[in-house]
Protein chains: 2
Amino acid sequence: MANILWVEDQLHWVDRFQPILEATDFDGEPTRVTVFGFAEAACQHIRSPGAARPDLALLDAHMNGNDSAGFSVSRALRRKWPELPMIYLSEHSGTGIEQQAFETSEARDFIAKHQANIESVLCWRIKAVLRQHALQQRGASDAVIDSGDLRLDTETWEVYWRGHKLMNPGNSRRPLGPTPRKILRYLVEAAPRPLSTAQIADRLDADPERFSYANYRQHIRTLRLAFDHAEGGQGDFIEACKRGEGIVTFGDQGAYCWKPVVR
Amino acid sequence: MANILWVEDQLHWVDRFQPILEATDFDGEPTRVTVFGFAEAACQHIRSPGAARPDLALLDAHMNGNDSAGFSVSRALRRKWPELPMIYLSEHSGTGIEQQAFETSEARDFIAKHQANIESVLCWRIKAVLRQHALQQRGASDAVIDSGDLRLDTETWEVYWRGHKLMNPGNSRRPLGPTPRKILRYLVEAAPRPLSTAQIADRLDADPERFSYANYRQHIRTLRLAFDHAEGGQGDFIEACKRGEGIVTFGDQGAYCWKPVVR
DNA sequence: GGCGGCGGTGAAAAATCTGTGAGTTGATCC
DNA sequence: GGATCAACTCACAGATTTTTCACCGCCGCC
């Protein structure tokens, strides 16, 4: 289902476009449009932990007399879903607002509300952005990930650290659990970018209400212990993490980050 | 070097835009624009084995009275360089030409020639497409802000000043705290405009009631100390700030401003 | 000269974040 | 039904970051 988040303070545009958007087939599934009339309401919704990830955001930069209300929504979105494509729909094309949208807000497109055949143009451009984004998402999936001394086979999900297979720290005869393995994979894939709790929850396809930071933290602990056991259990890996190598706490938004270990 | 391939049959557009494009810095290197006045000539060039790969193609769909001359160039490009981003620059926005550009020709953008401030719009949009494409190519790599001797990676949040990583001034083994990092980023992004307490509070997504000027001031202090430590801790940076370089107090509404430091 | 506001400073208090250990839950298998 | 195991929760202490507070010097102004 194509899920569109739209922030627009002028109701007549909503009345005009919403039915058209909902009747348009963007990705082979029914389209749902969620509209917010105020930037604050949208931000609040976005920040709430249970918010479902939209596929695309449609923003108006200039709302309720505030030049940058739309940009605050954009920042909230970027924080929660860094990859989310955003399109601006505005009456101020060709102005500094358009420039700001492209240069600091990483807009994918900026559509002038006043133009010929706007309904169609809107749909074409949304479709184009969604297609482009889909293309981008399914790039890069090698079977084996190598990062320093780590070897991660994404087919069999086995993980080797300096030649030793990572085992379950609670019971060294058993392999590492599936969730920690996945988390490790996502961390290594995302390196050197950190992954926040929300991003991990998103990738694990977990219920964002349930997957908490405490949860993430615990898996990180499991992983660190597993690495530590793999290199002898002297606590060296834990120490390395504190120094900023291996699985590093990022210090914001409950995020962790994979940094290759130098020897 | 940003290499742009442009196919355009009306010379006056070339005269008008080419100098601007060539004077615009799209990727930190000089820009070169190669113009073809005829679709056939462009296709022939593209198919020739020695043709250099451009970074972006600018096409006009409707040329020399032929509705689809531009699309033939697009097909030639797609065959030779499947990943090449293409932007249409046309007088026929909102028509079937735009639809075709997006739906069958995988246009990244479609820019109407007749619109306010077209020169700037063209540059913003080209820049946006190039950035998006670069991101896509190297698997969403560095979004780095450069300002003088400062290098700020907005993905990993690492900040380097003259090659030294900015650390927490209170504990030099630890990285700069999240809030100061963000404030620095916003300041540099907003430069040369100052950011008042209220603006920072908005960007930090903080409660404007709680985020006071005293607060902002303290973070600025942390930042200045961090810079100072990074260059040796002689207080030089603090002095520079007083002289009007680096993180400058703006003197109104409790605002601060980032000014690149000249050496 | 006294006054008041602004911005810099240092330290203390408050809030938040993290690591840790232990306890629950729920699913699966015997 | 009971054992087992991974995933999840909870509580708490220690570390770290952020906010608050009090004070100081400077400057313009009456």
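Since the model is a prediction, treat every value here as computed from it, not as a measurement.
Taking only distance into account, the side chain of B:Gln218 meets the base of C:dG10 through a donor-acceptor pair shorter than 3.5 Å. Within 3.5 Å, a donor on the side chain of A:Arg217 pairs with an acceptor on the base of C:dG19, or the reverse.
Atom CG of B:Leu225 is separated from atom P of C:dG10 by 8 Å (rounded to the nearest Å). Regarding A:Glu239, its CD atom lies at a distance of 15 Å from the C1' atom of C:dT20, rounded to whole Å. Here the C1' atom of nucleotide D:dT17 and the CG atom of B:Leu176 are 11 Å apart, to the nearest Å. A straight line from CZ of B:Arg174 to C1' of D:dG14 spans 13 Å, rounded to a whole angstrom. The separation between B:Leu204 atom CG and D:dT19 atom C1' is 13 Å, rounded to whole Å. Atoms CD (B:Glu209) and C1' (D:dT20) sit 16 Å apart, rounded to a whole Å. Taking atom CD1 of residue A:Ile220 and atom P of nucleotide D:dT9, one finds them 16 Å apart after rounding to whole Å. Going from atom CG of A:Leu223 over to atom P of D:dA6 covers 13 Å, rounded to whole Å.
OP1 and OP2 of C:dA15 both lie 4.0 Å or more from every side-chain N or O belonging to B:Arg210. Taking side-chain N and O atoms only, B:Asn168 has no distance below 4.0 Å to OP1 or OP2 of D:dT16. A sub-4.0 Å separation between OP1 or OP2 of C:dC6 and a side-chain N or O of B:Tyr216 is absent. For C:dG7, one of the phosphate oxygens OP1 or OP2 lies less than 4.0 angstrom from a side-chain nitrogen or oxygen of B:Tyr213. Residue B:Arg224 has a polar side-chain atom (N or O) positioned under 4.0 Å from OP1 or OP2 of C:dG8. Distances shown here put a side-chain N or O of B:Thr179 below 4.0 Å from the OP1 or OP2 atom of D:dT18. Phosphate proximity of D:dT19 to B:Asn215: present, with a side-chain N or O under 4.0 Å from OP1 or OP2. Residue A:His219 places at least one side-chain N or O under 4.0 Å from the OP1 or OP2 atom of D:dC8.
End-to-end axis angle for the helix from C:dG1-D:dC30 to C:dC30-D:dG1, using five pairs per end and rounding to 10°, comes out at 30°.
Ion pairing of B:Glu158 with B:Arg185 is absent here, as no side-chain N (NZ or NE/NH1/NH2) approaches a carboxylate O to less than 4.0 Å.
Closest heavy-atom contact between A:Leu59 and A:Gly70: CD1-O, 4.1 Å.
A:Phe102 and A:Phe110 have tilted rings, their planes meeting at an angle from 30° to 60° on a 0 to 90° scale. Aromatic ring orientation, A:His219 versus A:Phe211: parallel (interplanar angle below 30°, classes split at 30° and 60°). Ring-plane geometry between A:Tyr88 and A:Phe71 is classed as tilted, the angle between the planes lying from 30 to 60 degrees on a 0 to 90 degree scale. Classified by interplanar angle (parallel below 30°, tilted 30° to 60°, perpendicular above 60°), the ring pair A:Phe36/A:His45 is tilted.
Counting non-hydrogen atoms under 4.0 angstrom, B:Phe250 reaches nothing in the nucleic acid. Counting non-hydrogen atoms under 4.0 angstrom, A:Asp252 reaches the backbone sugars and phosphates but no base.
Cation-pi geometry between A:Arg217 and A:Tyr213 is met: the NZ or CZ atom falls under 6.0 Å from the ring centre, inside 45° of the normal. A cation-pi arrangement, defined by a distance under 6.0 Å to the six-membered ring centre and an angle within 45 degrees of its axis, is present between B:Arg181 and A:Phe250.
Of the candidate nucleotides C:dG7, C:dG10, D:dT17, C:dG10 has the atom nearest to the side chain of B:Arg221.
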